[in-house]
Amino acid sequence: MLKHFNLIFFIITGHLMMAQVNFKKVDAYIEVDTIQASVSGKVKYQFEVLHAVDSLSLDAKKMSFYEVMIDNNKVKHSVTDTHLIIQKKLTAGNYELTFDYHAIPQKALYFFGWNGKEDSQLWTQGQGKYTSNWFPSIDKESEKLVFSLDIAFDQNYEVISNGILTNKEKLGDKYIWSYQMKKPMSSYLLMIAIGKFNHDTLTSYSGIPIELYYSEKDNGKVEPTYRYSREIFDFFEKEIGFSYPWEVYRNIPIKDFVYAGMENTTSTLFSREYMVDSLAFNDQNFVNINAHELAHQWFGNVVTASSSKHHWLHEGFATYYALLAEKELFGEDYFYWELFKYATEIQEASNYDTIPLLDGKASSLTFYKKGAWALHSIYSKIGREDFNKAVLNYLETNKYQVVTTDDFINAVKSVAEFDDKEFSSVWLEKHHFPEQEIYDLLFQSQFIQDYVSAQKLRIVPFSDKKETLIKIIESDAYYPIKQEVIYQLEGVPFKSKKELLKAVIEQNNPHLDLVLAAIESEIEPKQRVLFEKLLSSKSYRAREIAMLKLWEFFPEYAPEYLEKMKGIEGLGNKNIELLWLYLSILTRGYDQIDYGTEVSNLLAYTQPEYDVVIREIALNYCLRLKLINYATVRSLIQGTNHPRWQFAKYCRSQLRTLLQDKSVQQAVEEMKGELNQNEIKQLDLLFKEF
């Protein structure tokens, strides 16, 4: 197995062949033009040819190249839509490849807000083979080399990349930021993030700096967002036994990021919707994502799967180790509850999600959660001590290399008796749900036993179980058991369940408040005063649901509810503020003086300067209110090409509905003069449907 060497495609007389070449290091100087949304640079690759070759290529999507040289001698080259191809006979030995390049990336490098607004940002997303859209590189995930980037940019912004910041030098109205990796990594993990950031620095027990970035406006959200960061880091170093493999670690919140998070080497990017205040922490927090992406610094970045077939070695490990970290923070009941939910999802999907774990086409559910369960199966069979020995052996043996599932299985077999054939058959090669094994593992938890016992009460008449349910609510049982009790109150007359509802409210538990708010499809008048207490819940989601239901069932109190909730933002998606705007516009007689301002504010939140999680909610409310004007239609058109595919799909779907109206079609046609080519292309596709 040639996993010690990097492989690159060589092209000879139009035929593709493989040859062994060791690409060792790349140094680059990069400039980014935010007006043209382009990138240009000077690049130097150091590589070793192991056998004589006639030509070589780099992955490069629709780029221009200049001054292409090997060892300072110009070489004949050609450029396709996907590659830089160099025609040069090379014998075995060490060489330097240098060139200048220019690109206008269609993906992987994204520009947001470069119109003078404070939160202008640009960022990259390279997984799986996208880095070559903005940087000439080697797409294959298994290719590893040492990166060094110098990035020139406006001095008023912060520039972040992989590795250590070794120098920051002023050059006119710019700085040159110099970042250096010391160990090799895959090119899909190369990153740049630029924006107006502040950062705080923690130090791990082992002395590693942990840099926590944030925007000035989020200064008050730093502690709750990054809560437990040092504890998670220290736990991983201790539990894994393999010291953190790099020299620094960073978390950077990004506008409109395409995923919850991405584990670029040393520098994780994550969606800034997870920047939360202390109250929002109860509904949606960064803890699991934080742990998951940090775990990838070992599992995926130090050892990298040789192909997508073994992708579970990244996601299954990161998912499982994130749970182990949360178990350390929140206890065993939390751990088993998450495993129970994973198992439920896997079982429910097993009838249609039929691709096994050891297949590159498996679903995210399979790679992440079934992968985590597969690891828990091994952990439970061989015990914590041997499991940790196996993982350490796996990392030490294969560090900075590519791996297969066999590499991990062999590490397990080296420390413990383990039936790998049975394991592979049950967990890796078949899609079926190993129900009995999962059932047995879950029922090692007394909490899971108690939870299932509570579920069995569903068939018992309410009058026969009322006292039991009250005792559960008033006990110290873990909250999912109490949630199960609340679900069993649905449809029970208020008079019968009043005592239980009071007991739930008195718990002042955001997890319980949310379920209570959600199950009540109709609120009786006698229930109003009790339900109003949810407007002060520690859950913003519970407040949102309660506010809407109270407004709907008790319109005579609507102005009172609006006054109480005025000025509350809510979660990162502004769920409370946007609902407040929507309801205030609908409420006759409320704040008529500011009616126009409220409409304008709602429309403003549909625009690109706001994150898509805000824009989508605002657009939904505008469409319900029939506020179909230039602002909403233009925002929908702009969103059809958004890098977050879910939002792009939403915008296309809403436009498809609106374009059934001839007047909207005409208005859109008149807008075309101010649209870019990609927006016009999306509209033309939609028009073809009519």
Side-chain angles (χ1 to χ4, degrees), residues 119 215 217-225 253 255-256 271-286 505 508-521 523 528-555 557-587 590-591 594-595 597-607 609-625 627 647 650:
D119 62 350
S215 300
K217 67 183 180 64
D218 289 330
N219 184 61
K221 298 179 179 179
V222 173
E223 188 285 321
T225 298
K255 173 180 168 60
D256 288 351
S271 174
R272 69 179 182 188
E273 66 190 276
Y274 291 97
M275 291 294 299
V276 296
D277 62 28
S278 292
L279 200 63
F281 183 92
N282 297 324
D283 287 303
Q284 171 181 286
N285 60 62
F286 183 54
I505 293 291
N508 198 23
N509 184 315
H511 301 293
L512 306 189
D513 289 349
L514 180 58
V515 174
L516 181 58
I519 69 160
E520 296 292 355
S521 57
I523 307 171
R528 176 181 62 82
V529 174
L530 188 62
F531 207 77
E532 285 174 349
K533 294 182 181 296
L534 293 177
L535 295 177
S536 300
S537 172
K538 292 180 180 178
S539 164
Y540 281 132
R541 286 176 175 159
R543 290 188 189 188
E544 177 189 6
I545 297 169
M547 180 182 176
L548 180 59
K549 289 184 176 180
L550 286 165
W551 179 90
E552 179 182 0
F553 287 109
F554 307 106
Y557 293 97
E560 180 181 324
Y561 300 142
L562 289 169
E563 280 298 308
K564 181 175 179 61
M565 304 304 288
K566 189 173 184 178
I568 300 174
E569 181 180 288
L571 299 173
N573 61 8
K574 296 184 181 291
N575 65 320
I576 302 294
E577 182 177 350
L578 289 170
L579 177 60
W580 185 91
L581 286 169
Y582 172 66
L583 295 181
S584 66
I585 292 168
L586 283 175
T587 303
Y590 176 74
D591 207 11
D594 288 332
Y595 174 85
T597 301
E598 290 154 6
V599 170
S600 296
N601 288 343
L602 184 59
L603 288 168
Y605 281 132
T606 69
Q607 299 307 297
E609 56 261 38
Y610 292 98
D611 293 18
V612 294
V613 293
I614 297 170
R615 293 174 65 191
E616 186 168 333
I617 296 174
L619 282 164
N620 268 328
Y621 287 146
C622 285
L623 294 174
R624 289 185 201 176
L625 292 166
L627 295 176
F647 183 65
Y650 165 82

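FYI, the numbering just counts along the sequence from 1. All of these numbers come straight from a predicted model, not from anything done at the bench.
- Residues Asn620 and Tyr650 have side chains in contact (heavy-atom distance under 4.5 Å, counting atoms from C-beta outward).
- Under the 3.5 Å distance criterion, the side-chain polar atoms of Ser215 are left unmatched by any main-chain donor or acceptor of Lys217.
- Of the possible polar contacts, none joining the Glu577 side chain to the Lys566 backbone as a donor-acceptor pair under 3.5 Å is found.
- For Lys538, the NZ atom sits in a loose shell: 12 or fewer heavy atoms of surrounding residues, nucleotides or ligands are nearer than 6.0 Å.
- Side chains of Cys622 and Leu602 form a contact here, defined as non-hydrogen atoms less than 4.5 Å apart.
- Looking at Lys549, its side chain never comes within 3.5 Å of a backbone N or O of Ile523 through a donor-acceptor pair.
- With sequence neighbours excluded, the residues forming a ring pair (Phe, Tyr, Trp, His ring centres under 6.0 Å) with Tyr610 are Tyr605, listed by chain and number.
- Contact of the Trp580 side chain with the Ile568 side chain is not registered, since no non-hydrogen atoms from C-beta on lie closer than 4.5 Å.
- Side-chain contact check for Leu550 versus Tyr557: every heavy-atom pair is 4.5 Å or farther apart.
- Between the side chain of Lys574 and the backbone N or O of Ile617, no donor-acceptor pair lies under 3.5 Å.
- The existence of a salt bridge linking Glu569 and Lys221 is confirmed by a sub-4.0 Å separation between a basic side-chain nitrogen and an acidic carboxylate oxygen.
- The side-chain heavy atoms of Gln607 and Arg615, taken from C-beta on, include no pair separated by under 4.5 Å.
- Looking at every heavy atom in both residues, Ser584 comes nearest to Glu598 through OG-OE1, 3.3 Å.
- Using a 4.5 Å heavy-atom threshold, the side chains of Tyr561 and Leu583 count as separate.
- The closest side-chain heavy-atom distance from Thr225 to Phe281 is not below 4.5 Å.
- Side chains of Asp283 and Ser539: a donor-acceptor N/O pair is present below 3.5 angstrom, by distance only.
- Seen from the ring of Phe553, Arg528 does not count as a face-on cation partner, given the 6.0 Å and 45° thresholds.
- When each of Asp256, Asp611, Asp218 is checked for a salt bridge (Lys or Arg N to Asp or Glu O under 4.0 Å) with Arg272, only Asp611 meets the rule.
- You'll find the side chain of Leu579 stays beyond 4.5 Å of the side chain of Asn575, heavy atoms only.
- For the atom pair Ile614 CD1 and Leu571 CG, the distance stands at 10.5 Å (nearest 0.5 Å).
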Could you go step by step and tell me if Arg543 and Ile576 meet the side-chain contact (heavy atoms from CB on, under 4.5 Å) rule? CA-CA 8 Å; Arg543 290 188 189 188; Ile576 302 294; 3.9 Å; yes
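- Of all non-hydrogen atoms in Leu534 and Ala546, the two that sit nearest each other are CB-CB, 3.7 Å.
- Looking at every heavy atom in both residues, Asn285 comes nearest to Tyr274 through O-CD2, 3.7 Å.
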